[in-house]
Engineer: 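The structure under discussion is supplied below as structure tokens; questions concerning it will follow.
Each chain gets a letter, A, B and so on, in the order its sequence line appears, and its residues count up from 1. These figures come from a predicted structure and were not determined experimentally.
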Number of protein chains: 2
Amino acid sequence: MAVTIKDLSAYLGLSPSAVSKALNGYTDISQETRNRVFAAAVKLGYRPSAIARGLKTGRTFNIGIVYSENSGSGFTHSYFSPVLESLKAEAEIQGYDITFISSSMRASGQKAMTYLQHSQYRNVDGVCIVCCEFNDPQIIELVNSGIPVVTIDRPFEGKACVASENVQGMKALVNYIISMGHKKIAMIYGSPSNITTIRLNCFIETMKENGIPLLEGYLVESLYHNPGAVKEAVAKLLSLPYPPSCIVLPDDFASLGAIELIEERKLKIPEDISIAGFDGVPILQMLHPRITTVLQDTFTIGREAAKLLINQIEDSENFIPRTVEVATKLIKGETVANNRR
Amino acid sequence: MAVTIKDLSAYLGLSPSAVSKALNGYTDISQETRNRVFAAAVKLGYRPSAIARGLKTGRTFNIGIVYSENSGSGFTHSYFSPVLESLKAEAEIQGYDITFISSSMRASGQKAMTYLQHSQYRNVDGVCIVCCEFNDPQIIELVNSGIPVVTIDRPFEGKACVASENVQGMKALVNYIISMGHKKIAMIYGSPSNITTIRLNCFIETMKENGIPLLEGYLVESLYHNPGAVKEAVAKLLSLPYPPSCIVLPDDFASLGAIELIEERKLKIPEDISIAGFDGVPILQMLHPRITTVLQDTFTIGREAAKLLINQIEDSENFIPRTVEVATKLIKGETVANNRR
DNA sequence: TGGTCATACTAAAACGATTTAGAAACATTT
DNA sequence: AAATGTTTCTAAATCGTTTTAGTATGACCA
């Protein structure tokens, strides 16, 4: 059906190799022949077969995406989805398609592949790891396999990474809350997720810097991106003898659990209790009260991840692994009350 | 690096063809040899190369996804994303990966490929079209190319399709609104989108069946999944001399525009004005007021689409193109006021 | 004993590209 | 005139599979 290089060569009276060379810019082809080849390629509608080329060259122009499988949200994940969207767009500009790498793929009745095996099976040129379970042994195996890798949010020794300036963002958020007059500030941090641990540490440090005491029971472990778990955590905080006036949540999406509980208790945000999230999920900024949060630049994160990965693939000798930090922005929103007297 | 069939054959003292046949269940291989081959495959960690197999057999176990590019939402699209998520999950179960087919891909400096060319370039076994611009000439070309195709929401003559029971869903919604005592009901319908036209017709018909007059200016064309455009449309309706008591919107996400405008006008939902959406977007059901809407079963839609496509790929002779209709469910929510006296 | 038939394998071509080595044609140098 | 160099092409191998055709071996039958 599709036009092959053989069809072209027959049409032109050339050898297949000459046609291939002409198309690929080899210098031992005359300008005239090159022109004829290009003209014929357009005329006959020739398209190279990605898989044939991939077989011979070992390059597929396909990048693998390890995407948070167990988050339960998939493509609807409020933070990863827009990152992925941007990553895909940039990859496409550079001529790469993306393939999702899972740990449940099985080919012809064999048992499930690991991430690494799936990557090899599809011969991806590199892999971008967009998820939050970096302690998974399969992730470790993949990162150390030698395949070009970029991770999002969590740096690995000697590997490329793209992450928000979490520390700066968190600091700005906590300073803002404090500047609004809050003293009784609690934090719910998510697990399992390396990123929320970084934010937790930053929270503690910023409180200390401001000389604000951290009351007993004010740090609650919960789950990232999980409204249900966060709802319980908020309940725990509100039933303390000295409940906080402001609660910092693991992320915006999880704030839905907080909002639900607070409504059930017939309390008002922010008059009775203030909350803050992290991420800057667009849909939540379209509703009232607009949540006070830290905007992550998902567009830049995704784009930089793609660039970093493709650089690495195409110029692996000169590539220097590094972590690219992407600026965040405080969104003051409407969920932190002014407590100054 | 990776173990090939040749490595296996050398290890076992067999010909590559024997190994291949053993792995693929040919009957002219003795049971004993077959066992040895499988054992060696496991031991050496053999994984077939998808591209080599694809080159020879013409089957890549890859399905193409044409995904709403111009919606501006990408992976964050409130309706398509969960459909895609489910589709991907089912495809994976059946051993297929997915590849996004775009109309902007360019390989080695050539000009952008059409959807069909991109599909051929990647040798996908079939394509699922998940978008709302079915009049795009490139979509038509793809649908008629002979590649196995499944569409979502919009049937094509002689092709497989999966769609919600839009008519039943819309009817239920309108009947519910009427049962709540509303008489002045307006509709904002989205364009360009075939699906909202179906819903519009159904709205008109259901109104007629109930003997409720459709007042002048009560049908407003706007845009699907576009809060900004819908906001304007609502403004138009509210400035009518006889404004509606209830507005049916193109979809849940677009309702954000309606809510914004209504808040700006210092009106209350549903006391002053009732609204209803379509889709059943989960995040909006977690907030108050929960929007009155029609839940689309995105999980089933995605799964059925994958099944239909893979059936067609794997048994094309016996495949009978058909439209699978998926049931919808009315969510009464909190945005339609009780107007019965 | 020679012919037929299964059985269980091997050889080789093929898929569609790329790439290395080599060759033909012609020009240039010594 | 022979040697050398340039330019521009072709031949053939190769990537890792699958698949068709063919072959060796032994069994069975007449």
Engineer: Going by number, which of residues 32-42 of chain B have a non-hydrogen atom under 4.0 Å from DNA chain D?
Structural biologist: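 Output list: empty, so none.
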Engineer: Could you tell me whether the side chain of Arg122(B) reaches within less than 4.5 Å of the side chain of Asn62(A), counting heavy atoms only?
Structural biologist: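 Sidechains of Arg122(B) and Asn62(A): in contact.
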Engineer: Go through it in stages, so that I can follow the logic: the residues are Leu23(A) and Tyr46(A), the test is side chain to side chain contact (heavy atoms under 4.5 Å, CB included), and I'd like the CA-CA distance, side-chain angles, deciding distance and then a yes or no.
Structural biologist: CA-CA 11 Å; Leu23(A) 292 171; Tyr46(A) 168 76; 3.6 Å; yes
Engineer: Nearest heavy atom decides the nucleotide; on that basis, is Leu14(B) or Leu55(B) closer to the 5' end of DNA chain C?
Structural biologist: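 This one resolves to Leu14(B).
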Engineer: Quickly work out the Ile51(B) CD1 to dT17(D) C1' distance and round it to whole Å.
Structural biologist: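 Those two atoms, CD1 and C1', are 11 Å apart.
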Engineer: Does OP1 or OP2 of dT18(C) have a side-chain N or O of Ser20(A) closer than 4.0 Å?
Structural biologist: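 Answer is yes, contact under 4.0 Å.
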Engineer: Below the 4.0 Å mark, does dG16(D) have OP1 or OP2 next to a side-chain nitrogen or oxygen of Ser49(B)?
Structural biologist: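 Ser49(B) to dG16(D) OP1/OP2: no side-chain N or O under 4.0 Å.
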Engineer: Among all residues two or more places apart in sequence or in another chain, which pass the ring-ring contact (aromatic ring centres under 6.0 Å, His included) test with Tyr121(B)?
Structural biologist: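 Tyr121(B) satisfies ring-ring contact (aromatic ring centres under 6.0 Å, His included) with no residue once adjacent residues are dropped.
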Engineer: Give the rounded distance in Å between these two atoms: CG of Leu23(A) and C1' of dG16(C).
Structural biologist: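 Distance check: Leu23(A) CG to dG16(C) C1' gives 13 Å.
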Engineer: Send over the distance from Ile5(A) CD1 to dT14(D) P, rounded to a whole Å.
Structural biologist: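 These atoms are roughly 19 Å apart.
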Engineer: When you measure from the side chain of Arg106(A) to the backbone N and O of Lys111(A), does any donor-acceptor pair fall under 3.5 Å?
Structural biologist: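 Here the side-chain-to-backbone pair does not exist.
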Engineer: Measuring from the side chain of Asn24(A) (C-beta onward, heavy atoms only), which nucleotide among dT18(C), dG16(C), dT17(D) has the closest atom?
Structural biologist: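 Per side-chain heavy atoms of Asn24(A), the pick is dT18(C).
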Engineer: List the residues meeting side chain to side chain contact (heavy atoms under 4.5 Å, CB included) with Ser86(B), not counting sequence neighbours, and say none if there are none.
Structural biologist: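 Applying side chain to side chain contact (heavy atoms under 4.5 Å, CB included) to Ser86(B) gives Phe299(B), Arg303(B).
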Engineer: Go through dA17(C), dG16(D), dT18(C) for me and flag the one nearest to the Tyr46(A) side chain.
Structural biologist: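 Among the listed nucleotides, the one closest to the side chain of Tyr46(A) is dA17(C).
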Engineer: Can you check whether Ser30(B) has a side-chain N or O nearer than 4.0 Å to OP1 or OP2 of dT7(C)?
Structural biologist: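 So the side chain of Ser30(B) is outside the cut-off, no N or O lying under 4.0 Å from OP1 or OP2 of dT7(C).
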Engineer: Can you tell me which nucleotide in dT19(C), dC9(D), dG16(C) comes closest to the side chain of Ile29(A)?
Structural biologist: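 The answer is dC9(D).
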Engineer: Considering every strand and a 4.0 Å limit on heavy-atom distances, what is the contact class for Arg59(A): base, sugar-phosphate, or nothing?
Structural biologist: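 If one applies the 4.0 Å heavy-atom cut-off, Arg59(A) turns out to touch nothing in the nucleic acid.
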Engineer: Considering only heavy atoms from C-beta outward, does the side chain of Tyr79(B) approach that of Ile301(B) to under 4.5 Å?
Structural biologist: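 Side-chain contact under 4.5 Å: yes.
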Engineer: Within this structure, what is the CG-to-P distance between Leu44(A) and dG16(C), rounded to whole angstrom?
Structural biologist: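 Rounded to the whole Å, the gap is 15 Å.
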Engineer: Provide, to the nearest angstrom, the distance between the CZ atom belonging to Phe61(A) and the P atom belonging to dA17(C).
Structural biologist: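 It is 15 Å, rounded to the nearest whole Å.
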Engineer: May I ask you to test the Ile152(A)-Cys128(A) pair for a side-chain heavy-atom distance under 4.5 Å?
Structural biologist: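 With C-beta onward as the side chain, the pair touches.
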Engineer: I need the OH-P distance between Tyr121(A) and dG16(D), as an integer number of Å.
Structural biologist: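 Taking OH of Tyr121(A) and P of dG16(D), I get 16 Å after rounding.
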Engineer: Within a strict 4.5 Å, meaning less than it, do heavy atoms of the Arg59(A) and Glu314(A) side chains meet?
Structural biologist: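 A side-chain contact under 4.5 Å exists here.
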Engineer: Just to verify, what does Ser20(A) make a side chain to side chain donor-acceptor pair (under 3.5 Å) with, not counting sequence neighbours?
Structural biologist: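 Side chain to side chain donor-acceptor pair (under 3.5 Å) list for Ser20(A), sorted by chain: Asn24(A).
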Engineer: Could you state the atom-to-atom distance from CG of Leu12(B) to P of dC9(C) in whole Å?
Structural biologist: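 Computing the Leu12(B):CG to dC9(C):P distance gives 11 Å.
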Engineer: Send over the distance from Lys6(B) NZ to dT18(D) C1', rounded to a whole Å.
Structural biologist: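 Going from NZ in Lys6(B) over to C1' in dT18(D) covers 14 Å.
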Engineer: Arg322(B): what forms a salt bridge (Lys or Arg N to Asp or Glu O under 4.0 Å) with it, not counting sequence neighbours?
Structural biologist: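 By the salt bridge (Lys or Arg N to Asp or Glu O under 4.0 Å) rule, Arg322(B) matches no residue at all.
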Engineer: Would you tell me if any nitrogen or oxygen in the side chain of Thr4(A) comes within less than 4.0 Å of OP1 or OP2 on dG16(C)?
Structural biologist: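 Thr4(A) to dG16(C) OP1/OP2: no side-chain N or O under 4.0 Å.
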Engineer: Measure from the side chain of Lys56(B), starting at C-beta and using heavy atoms only, and say which of dC9(D), dG16(C), dA14(C) lies closest.
Structural biologist: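 That would be dA14(C).
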Engineer: Think Arg53(B) has a side-chain N or O under 4.0 angstrom from the OP1 or OP2 of dT18(D)?
Structural biologist: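 Yes, such a contact exists.
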Engineer: Name the pairs: protein N/O against N/O of nucleotides 20-23 of chain D, kept only if under 3.5 Å.
Structural biologist:
| from | atom 1 | to | atom 2 | distance (Å) |
| --- | --- | --- | --- | --- |
| dA21(D) | N6 | Lys21(B) | NZ | 3.4 |

